[in-house]
Each structure stands twice: as structure tokens, then as C-alpha cells.
Amino acid sequence: MLNAILLVVGLVLILCGANYLTDGSAAIARRFGISDLIVGLTIVAFGTSAPELTISIMSAAAGNTGMAIGNVVGSNIFNTLVIIGVVAMVRPLKIERTIMSNEIPLVVVASVVLLAMGCSQWLDGTAPVISRVSGIVLLLFFAIFMRYVFASAKHERPDTTKSEEVSAKRRPSMWMSCVMLVGGLAALIYGGDMFVDSASAIARQLGVSDAVVGLTIVAAGTSLPELATSVVAAVKGNNGIAVGNVIGSNIFNVFLVLGAAATVRPLPFGGITVTDLLVMTGSAVLFLTFGWFFGNRTITRVEGGILSACYIAYMIYLVSQAG
């Protein structure tokens, strides 16, 4: 009963935190002339990926590698299929050409890199593991990505319309925007931790394995900040934050979260199968395909429904395998 109450309280904190984080970060972006996309790829993505980073590093330190890797793989699948799917069903998601040609392919690359590591048994006959050396390489990839983002920030500028100029007078002050951003981020992280802890406790009482818990409950729980932030951002018309949050979070998860966790302790894949990695890679390719080839770079409601249906099918598969 207590875990169920904490589950609800955590969800409320996540939703409230997402609202303040979106408003605060968008206000700061406008004041400094930074586009919503850059904010979504950096501040918001890092903030909403903080639960994954914390849980994976702590799991790696405790020797629970199945949870550490499953959290990242499951989160990336959830981010692409559920968050993009739900956001598109709430409001068709228009994606800029530069995002389609630059950022989303990086998500595919990150997925393929992790897939290759998980297929080492087929490629060279060794047990699949993310070694410390591989972890350092992933961190170097992350550094290159951040260098690219900051270089892009010099050229990215939001479109300024007359309505934007009028609404500028209604924006919160700089210090209030910072308070909203930090407070929203704190609520997201604390609420996410509360949700994951209570959900994991309920799952373990039902006898579910760590790998399945990492791929499902923990992954979904740590991705709730991304879901809440992207939905709220899309409803408010901040598509840059809505999409950039998901893209940045997926890249952060593979390059930063797994890179840092593997540097702490090598991560055998354990219960994380090639099928799970293929679903993660396939979801990224599907996102790219829907955005690039159909609907004039717009993820439609129908396509959002297809993405969400794919996630439901994957969950059914996991439950059947666990059974």
C-alpha cells in the first residue's frame, strides 16, 4: 500500500517538475538567444537523463550489470516508441530538416554501437561485455557530441516574431527562470527516484528478474521525466524541446550513462539479449524513417500510434519470455 502511494506521489512530482523545467528552460533560451532545440539537447536532456545516470552507476558499483544496461536499453526504447508516439498522438510532431539529417542519425549510430558490443559473441566469439576501455571510448563519443552541439549553438537562433516580442514582457525574470528550471529538475529527479524505488519493490514482490525490471519498470520510470517534459513542451508549442529532449536523452544514455557506468565496472550484458538491442536499434531507424520519408518531416498521429503499438508488442514479448 505504501509503495502504491509513493508511486502516485512520484508521478505527481514528475508532472509538476516537467512543467516548471519546460517553462524555465524555454525562458532562459529566449533571453540568451538560444534555440529550443539546443536547450532540449543539452540542459533538458541532461536533467531528464539524471535518473538513468544515477541508477546505472549505482547498479554497476553494486555489481548489478543487468539493471545498469537494461535501464539504458529499455529507456531508449521507451523514449523513441512511447514518448515520440504519445507526443505525436497528442499533437503531430513537425521535425526540422537539420534534426533529420544531423541529430536523429546520431541516435541510430549510438544504437548500432551498443548493438555491435552486444553481438561480440557472434562477431569474435567472446562474451558480450562493455569493458572499461569501451566505456572510455563511449565517453569520448559523448565529448564529440557535446562539441558538435555547442558549435551548433553559435549558429542556431530562434525565430523572433512580433508575438514573441510582445510575450517577452510577460516572461519571468532571469532569477525566477533559474529557480523554475532547478526546482523543476529537482522535482523530476526526486519524483523519478521515488517512482522507480516503489515500482521496483512492487515488481520484486511479484518475483520479476532484474533484467526484466531494468528493461520495463525501471526504464519506464526513469523515462517518465522525458515523457512528461516532451508532452508538456509539445502542448506549449516548443517542438524543439520536445524532440531535442528525446534525441539528447538517447545519446546521453548510451555515450554518457553506459560510458560512465562501464568505467566504474565492466558491464557484462547478462540477461540483455540481442533481441532487446535490435528492438532499440529498430525503433531509432523507425523514428528516422517516419520523420524523413512520410508526412513532410512530420510524425503524424497514425505514425505515433504505430510507434506506441510497437512498444506494447515488445512488452508482450518480454512478459511471454519472463513467463
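Every heavy atom of this structure was used, including side-chain atoms; hydrogens, water molecules and symmetry mates were not.
- A donor atom on one side chain and an acceptor atom on the other are found under 3.5 Å apart for Ser230 and Asn245.
- When all heavy atoms are compared, the tightest approach of Ala242 to Ala233 is N-CB, 3.9 Å.
- In the hydrophobic cluster analysis, where Ile, Leu, Val, Met, Phe, Trp and Tyr join through side-chain heavy atoms closer than 4.5 angstrom, Leu139 is grouped together with Leu106.
- Classified by interplanar angle (parallel below 30°, tilted 30° to 60°, perpendicular above 60°), the ring pair Tyr314/Tyr317 is parallel.
- Under a hydrophobic-cluster definition in which Ile, Leu, Val, Met, Phe, Trp and Tyr are linked whenever side-chain heavy atoms come within less than 4.5 Å, directly or via other members, Val108 and Ile95 are assigned to the same cluster.
- Rounding to the nearest 0.5 Å places CG of Asn79 at 6.5 Å from CG of Asn253.
- Taking 4.5 Å as the limit, some side-chain heavy atom of Cys310 sits within range of a side-chain heavy atom of Leu286.
- To the nearest 0.5 Å, atom CZ of residue Phe287 and atom CE of residue Met100 are 6.5 Å apart.
- The only option from Asn76, Leu258, Leu138 that meets the side chain to side chain contact (heavy atoms under 4.5 Å, CB included) definition with Leu114 turns out to be Leu258.
- Side-chain atoms of Val232 and Lys236, non-hydrogen and from C-beta on, do get closer than 4.5 Å to each other.
- Hydrophobic cluster membership differs between Ile144 and Val257, with clusters built from Ile, Leu, Val, Met, Phe, Trp and Tyr side chains linked at under 4.5 angstrom.
- Of all heavy-atom pairs spanning Val87 and Ala234, the tightest one is CG1-CB, 3.5 Å.
- Nearest approach of Ala262 to Gly135, heavy atoms of both residues: CB-CA, 3.8 Å.
- Minimum heavy-atom separation, Ser131 to Pro266: CA-CB, 4.3 Å.
- The shortest heavy-atom contact between Leu277 and Gly118 is CD1-CA, 3.6 Å.
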| request: Could you check Leu227 against Phe78 for side chain to side chain contact (heavy atoms under 4.5 Å, CB included), going step by step and ending with a plain yes or no? | output: CA-CA 9 Å; Leu227 175 60; Phe78 187 93; 4.2 Å; yes

| task | Walk me through it: do Val113 and Met117 pass the test side chain to side chain contact (heavy atoms under 4.5 Å, CB included)? | result | CA-CA 6 Å; Val113 167; Met117 291 180 178; 4.0 Å; yes

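- Atom CE of Met146 sits about 10.0 Å away from atom CD1 of Ile251, to the nearest 0.5 Å.
- With hydrogens and angles disregarded, no donor-acceptor distance shorter than 3.5 Å links the side chain of Ser283 to the backbone of Ile77.
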| Stepwise, does the side chain to side chain contact (heavy atoms under 4.5 Å, CB included) test hold for Phe290 with Leu307? | CA-CA 10 Å; Phe290 280 165; Leu307 291 173; 4.0 Å; yes

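- If you take CD1 on Ile299 and CE on Met89, they are separated by 12.5 Å, rounding to the nearest 0.5 Å.
- Hydrophobic clustering (side-chain heavy atoms under 4.5 Å, transitive across Ile, Leu, Val, Met, Phe, Trp, Tyr) groups Leu278 together with Trp122.
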| message | What verdict does the side chain to side chain contact (heavy atoms under 4.5 Å, CB included) test give for Arg132 and Thr263, after you've listed the backbone C-alpha separation in whole Å, the side-chain angles of each residue and the deciding distance to 0.1 Å? | response | CA-CA 5 Å; Arg132 283 194 172 93; Thr263 302; 5.5 Å; no

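- The two residues Thr298 and Lys94 make their nearest non-hydrogen contact at OG1-CD, 3.3 Å.
- Inter-residue side-chain proximity for Thr273 and Asp276 is flagged as met; some heavy-atom pair is nearer than 4.5 Å.
- We find the OH-CD1 distance between Tyr311 and Ile83 to be 10.0 Å, quoted to the nearest 0.5 Å.
- Asn250 and Thr80 share a side-chain donor-acceptor pair at under 3.5 Å.
- The structure places OG of Ser308 at 12.0 Å from CD of Glu303, a figure rounded to the nearest 0.5 Å.
- Criterion: ILVMFWY side-chain heavy atoms under 4.5 Å apart, direct or through other members. Under it, Val109 and Tyr148 are part of a common hydrophobic cluster.
- If you look at Phe142 and Phe252, their ring centroids are closer than 6.0 Å.
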